[in-house]
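Everything on this sheet refers to the single structure shown next.
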Number of protein chains: 4
Amino acid sequence: MIFDIDTTSSLPIYAQIVAQVKHAVAAGIVRAGDTLPSLRETSSRLRVNPLTVSKAYRQLEAEGIVVTDHGRGTFISAKLADLGEEYRRKALDKAADRLLVEAYHLGASADEIRLAVENRLRKMRDV
Amino acid sequence: MIFDIDTTSSLPIYAQIVAQVKHAVAAGIVRAGDTLPSLRETSSRLRVNPLTVSKAYRQLEAEGIVVTDHGRGTFISAKLADLGEEYRRKALDKAADRLLVEAYHLGASADEIRLAVENRLRKMRDV
Amino acid sequence: MIFDIDTTSSLPIYAQIVAQVKHAVAAGIVRAGDTLPSLRETSSRLRVNPLTVSKAYRQLEAEGIVVTDHGRGTFISAKLADLGEEYRRKALDKAADRLLVEAYHLGASADEIRLAVENRLRKMRDV
Amino acid sequence: MIFDIDTTSSLPIYAQIVAQVKHAVAAGIVRAGDTLPSLRETSSRLRVNPLTVSKAYRQLEAEGIVVTDHGRGTFISAKLADLGEEYRRKALDKAADRLLVEAYHLGASADEIRLAVENRLRKMRDV
DNA sequence: GTGGTCTAGACCACA
DNA sequence: GTGGTCTAGACCACG
């Protein structure tokens, strides 16, 4: 589980962490019982205040997505009924919407949008 | 052009206005040259401070979506795509990247991404 | 980075701050990564409202001259020229046009314009 | 005497008119005794409120640059001691400064600036 | 009538 | 500590 943070984004850092954990769960990248990286490891890797990571983990705990065993670590919860296929689909649609609205304001045609997506897909595959 | 604000949303009021104008432009509900409701009309109708509306309009102006004629009002910009080809391409690639990163975290396949884009393209065309 | 404000000027306070930051950057007085004084420090030193300073900083951010890290502060941007070649060229041409229109109205010859540009280039280099 | 107005500029329309008359005087394009276009002609040509033109002419009169004969028209004043060579030089230097600061923030080199100026000079000559 | 600027002060979110 | 948002209300400039 690796995090990818943009400190200048208008989305707060803690929310970026929350979203990425949720996505990883929805995608099946992490499963019930898996361990999240420790507060210290995450905060030093991201060069971010430990309190910020803590806040993210606490919110995930409040949402029932992770459980914390004091002194042992933070784990993905066993009961994840509320995430899953519908969450994934909605999140993906929302992301596609954001692209389209932005593209519209740039005056891009449907084909230009498709082309851009294909180009980036190819680029990511290469990485 | 009527606005619909949710004061309890975590999205700031000014950002909701910005988003709604963008969507109205993208959906063809308003067109180049159309007048936006005046600051005062909008602020009294939404029961928010004129400064808040002004902030939204100024951001729209900064993005080139509206122009304001001092003393006359605020209008949808005539030249929505006069940005320079390279700038447009870069901005479009960036927007596509954001979609792909989000999709990657959701574990979506290339085909799922394509499908989501096509669905939203079709939906926008229908509006 | 110290600001020097003239409240009686017709130029708004926030625009004076913007101009002074730009000049400081152009003159090499501040460099990429440098911290701007905090909103509160600047506002108390200048005896102006924090919102006024904030407005200036946000405009600088919109122009890509500074970036702000929420909760940490406002910094001179590292990538002052990452705009795309065509965008840069167009913006430069536009700026040159503004000079020529002004010069035209003043009845200046091509050589007078060249001379003025060279004089100012030399002056900036000396700073 | 033809005016060239940008209604979206942050410089007010009346100030643009004032500046252009001053520049025309400084450049020797108009001379003492010459007639300014009538309020009506100017306002209809520029598609601007007559009050705006009137305000510009009144300011020019207050500065002693024009005199108004009621019912006959507005004329360039006979005594123009305060405008002239120094005004021209200062205005030109200021305009050159604006170009250089802007160019700096675009990351342009001295040669790029010179090139842009030469290009636009050539373009204007062709018009 | 329009939008622009500023103040004083509150409250919140983030790190 | 940092910046972000909003209010209520004033005053000004422009058309």
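Sequence lines set the chain letters: A, B, ... in the order given, protein chains first and strands last, and positions in each chain run from 1.
Judged as a salt bridge (charged side-chain N to carboxylate O under 4.0 Å, His left out), the pairs with a partner in residues 12-26 of chain C (not counting sequence neighbours) are, in order, Lys22(C)-Glu63(C). Within the structure, no pair that satisfies the salt bridge (charged side-chain N to carboxylate O under 4.0 Å, His left out) test touches residues 8-20 of chain C, not counting sequence neighbours. Evaluation of the side chain to side chain donor-acceptor pair (under 3.5 Å) test over residues 42-54 of chain C, restricted to residues two or more places apart or in two chains, returns Glu41(C)-Arg45(C), Thr42(C)-Tyr57(C), Ser54(C)-Arg58(C). Counting only residues at least two apart or in different chains, salt bridge (charged side-chain N to carboxylate O under 4.0 Å, His left out) contacts with residues 96-106 of chain D comprise Arg98(C)-Glu102(D), Glu102(C)-Arg98(D), Arg120(C)-Asp97(D).
Residue Ser38(B) places at least one side-chain N or O closer than 4.0 Å to OP1 or OP2 of dT2(E). Here Lys55(A) does not reach the OP1 or OP2 of dA15(E): none of its side-chain N or O atoms lies under 4.0 Å away. The side chain of Thr52(B) places an N or O atom within less than 4.0 Å of a non-bridging phosphate oxygen (OP1 or OP2) of dT7(F).
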Find every protein N or O atom lying less than 3.5 Å from an N or O atom of nucleotides 9-12 of chain E, and list the pairs.
none

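Between the CZ atom of Arg47(B) and the P atom of dC6(F) there is a distance of 17 Å, rounded to whole Å. Following rounding to the nearest Å, Leu39(B) (CG) and dT7(F) (P) show an atom-to-atom distance of 14 Å. Atom-to-atom, CZ of Arg72(B) to C1' of dG4(E) comes out at 17 Å; the value is rounded to the nearest Å. Summarising the geometry, the separation between CG on Leu36(C) and P on dG3(F) is reported as 9 Å, rounded to the nearest angstrom. Atom pair His70(C):NE2 and dG1(F):C1' shows a separation of 12 Å (rounding to whole Å applied). A straight line from CD1 of Ile5(B) to P of dT5(F) spans 14 Å, rounded to a whole angstrom. When the C1' atom of dT2(F) is taken as reference, atom CZ of Arg58(C) falls 15 Å away, rounded to whole Å. Atoms CD (Glu41(C)) and P (dG1(F)) sit 12 Å apart, rounded to a whole Å.
At distances below 3.5 Å, at least one donor-acceptor pair connects side-chain atoms of Gln16(D) with backbone N or O atoms of Asp6(D).
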Atom pairs and distances, donor-acceptor, side-chain atoms in residues 23-37 of chain C, under 3.5 Å, two or more places apart:
| from | atom 1 | to | atom 2 | distance (Å) |
| --- | --- | --- | --- | --- |
| His23(C) | ND1 | Ala19(C) | O | 2.9 |
| Asp34(C) | OD2 | Arg31(C) | N | 2.9 |

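Contacts between residues 6-22 of chain C and DNA chain F, defined by a heavy-atom separation below 4.0 Å, involve no residue at all.
Between atom CD of residue Glu61(A) and atom OG1 of residue Thr68(A) there is a gap of 3.5 Å, rounded to the nearest 0.5 Å.
Under the side-chain hydrogen bond (donor to acceptor under 3.5 Å, both in side chains) criterion, Gln20(A) pairs with no residue at all, not counting sequence neighbours. Considering only residues two or more places apart in sequence or on other chains, Ala15(A) meets the side-chain contact (heavy atoms from CB on, under 4.5 Å) condition with Leu11(A), Pro12(A). In this view, Ser38(A) satisfies the side-chain hydrogen bond (donor to acceptor under 3.5 Å, both in side chains) rule with no residue, not counting sequence neighbours. A search for side-chain contact (heavy atoms from CB on, under 4.5 Å) contacts involving Ser10(A) returns nothing, not counting sequence neighbours.
Across all strands shown, Val48(A) has no heavy atoms under 4.0 Å from either base or sugar-phosphate atoms.
Counting heavy atoms from C-beta outward, Val53(A) and Tyr14(A) have side chains that stay 4.5 Å or more apart.
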Revision key, fill the gap. For DNA chain E, the expected dot-bracket line (Watson-Crick or G-U under 3.5 Å, [ ] crossing, | inter-strand) is ||||||||||||||.
